[in-house]
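The structure under discussion appears below in the form of structure tokens.
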Protein chains: 2
Amino acid sequence: MKTAVKSAEKPTTGTRERIVRATSRLLQRQGYEGTGIKQISREAEATLGSVYHFFPGGKQELAAEAIRHGDEEFAVLLRAGLGSSEDLAEAVTACTTLLARELRASDWQDGCPITSTALETVGRAPVIEQAVAEAFANWRAIVEERLRAAGIGPEDSRELAGTVISTLEGAELAAQLARSEEPLHASGRHLARLLSTYRP
Amino acid sequence: MKTAVKSAEKPTTGTRERIVRATSRLLQRQGYEGTGIKQISREAEATLGSVYHFFPGGKQELAAEAIRHGDEEFAVLLRAGLGSSEDLAEAVTACTTLLARELRASDWQDGCPITSTALETVGRAPVIEQAVAEAFANWRAIVEERLRAAGIGPEDSRELAGTVISTLEGAELAAQLARSEEPLHASGRHLARLLSTYRP
DNA sequence: CATCCCCTAGAACGAACGCTCTACCTAGAG
DNA sequence: CTCTAGGTAGAGCGTTCGTTCTAGGGGATG
């Protein structure tokens with residue numbers, strides 16, 4: 001079937017992509033060890049044969065690809081939030097608001113797409129660790145650019161970007177575990193306040 | 001053998017406690033699904049029979065108890081850091097320094113004792129969720145008290161305490177994944193700066 | 001029509017999973 | 001001594017795990 005669409009029929013997303021999406025979603029909710037390949041193939045409506053055809057590296061390769069998927073997903077949200085206002089404080093709280101909305105909408109199930117898997121595989125699955133490191137670097141760069149655009153010095157922007165990411169990460173974690181938007185909103189306000197001290 | 005010590009022999013920590021300690025350590029490093037009961041019994045030098053004797057509720061009850069153990073462990077560190085200086089800024093950075101030291105000393109293996117398990121079991125193991133919620137509340141209360149002692153208003157103290165905890169959580173996560181103390185140190189400085197804006 | 005290759009299909013493997021169960025050991029009470 | 005009971009010991013249950021492997025389906029090309 002290749003990638004060609006027969007006539008005007010269903011352009012059903014390709015098998016490979018369905019597998020990646022399903023893996024990403026399942027890893028986000030159940031973690032690495034808690035997710036089985038058979039469950040993935042079931043959820044993706046693909047067969048075991050297809051999974052291993054596209055990902056001969058097995059579970060690890062599959063997880064690494066899913067992490068890359070989650071990376072982009074989070075980056076999109078980050079860009080949307082940070083680009084939503086000229087005012088830096090508003091831009092940052094827009095991020096926490098977006099995260100809170102998505103988290104609540106999923107009934108507190110969908111936190112950060114990669115945290116759980118990243119933690120479980122630390123120090124024992126280099127392929128995954130690599131993808132995780134790239135995701136963090138990517139997010140950090142997005143934030144850093146926005147801070148510089150707001151007139152914050154290069155050095156401060158770099159350091160602050162890291163703190164912004166890890167604070168968002170921590171706040172989303174807390175919000176998910178407490179089943180409450182409050183930790184995200186509070187952190188958003190506090191982040192905005194912190195950043196405002198760099199532009200008098 | 002009960003709890004009585006025969007003469008002046010080894011007061012070898014009781015079997016139950018060995019099991020809890022081993023579980024806590026393993027959950028911290030491998031997460032909930034990644035840790036097997038048989039591995040726990042092996043590591044704790046106890047038999048499967050003993051494990052189920054002390055924890056008839058099985059893996060979930062065991063994990064909940066281990067979370068409580070990790071709760072206290074983190075609380076001790078928090079109290080040590082926060083009590084190390086009259087100056088609030090110094091007290092906070094003392095916490096991040098302590099966390100960074102322990103993290104590095106374990107070769108980036110021992111992050112927060114409960115995060116991984118908490119994330120994996122969210123929404124599917126009420127006994128564990130309960131223990132997790134109590135831990136977070138406990139830590140938050142410890143920080144809140146210190147902020148009030150520093151002269152920050154009750155309302156601000158409550159909100160800030162939550163942010164402090166989740167920032168520490170996020171920074172430790174980032175540090176562990178990046179194998180670097182830097183995220184923790186940066187967050188410590190930024191937290192100190194944020195808090196200083198509440199006491200002019 | 002035949003040929004090719006990408007992809008699908010799922011049975012089967014050994015290992016590990018959480019948990020149950022019976023048997024046994026041993027210290028203290030009577 | 002006997003009796004009791006808290007604790008130890010590990011074989012074994014049914015299930016699921018990640019992975020391998022062989023066989024077949026079906027457009028595109030000759």
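By convention in this document, chain letters (A, B, ...) are assigned in the order of the sequence lines, proteins followed by strands, and residues within each chain are numbered from 1.
- A close approach under 4.0 Å does not occur between any side-chain nitrogen or oxygen of A/T15 and OP1 or OP2 of C/dC7.
- No salt bridge links A/E72 with A/R68; every basic N to acidic carboxylate O contact stays at or beyond 4.0 Å.
- When rounded to the nearest whole Å, the span between OH of A/Y32 and P of D/dG18 equals 8 Å.
- Using a 4.0 Å heavy-atom cutoff across all strands shown, B/I37 reaches sugar-phosphate atoms only and no base atom.
- Using a 4.0 Å heavy-atom distance criterion, B/G36 is classed as a sugar-phosphate-only contact.
- Checked by atom type, the side-chain pair A/R189/A/T93 shows no donor-acceptor distance below 3.5 Å.
- Between the NE2 atom of A/H53 and the P atom of D/dA23 there is a distance of 19 Å, given to the nearest Å.
- Taking atom CZ of B/F54 as the reference point, atom C1' of D/dT8 lies 10 Å away to the nearest angstrom.
- The residue B/T35 sits close only to the backbone: its heavy atoms come under 4.0 Å of sugar-phosphate atoms, none of a base.
- One distance of note links CZ of B/R18 with CD1 of B/I40; it measures 13.5 Å at 0.5 Å rounding.
- Between A/S50 and C/dT8, a side-chain N or O to OP1/OP2 separation shorter than 4.0 Å is present.
- Annotation: of the two residues near DNA chain D, A/G34 and A/P56, the 5′-most nearest-nucleotide partner is A/G34.
- Here D/dA23 presents its P atom at 18 Å from CG of A/L48, a figure rounded to the nearest Å.
- Base contact: B/G49 has a heavy atom under 4.0 Å from a base atom.
- Checking D/dG12, D/dG6, D/dT19 against every side-chain atom of A/K59, the shortest atom distance belongs to D/dT19.
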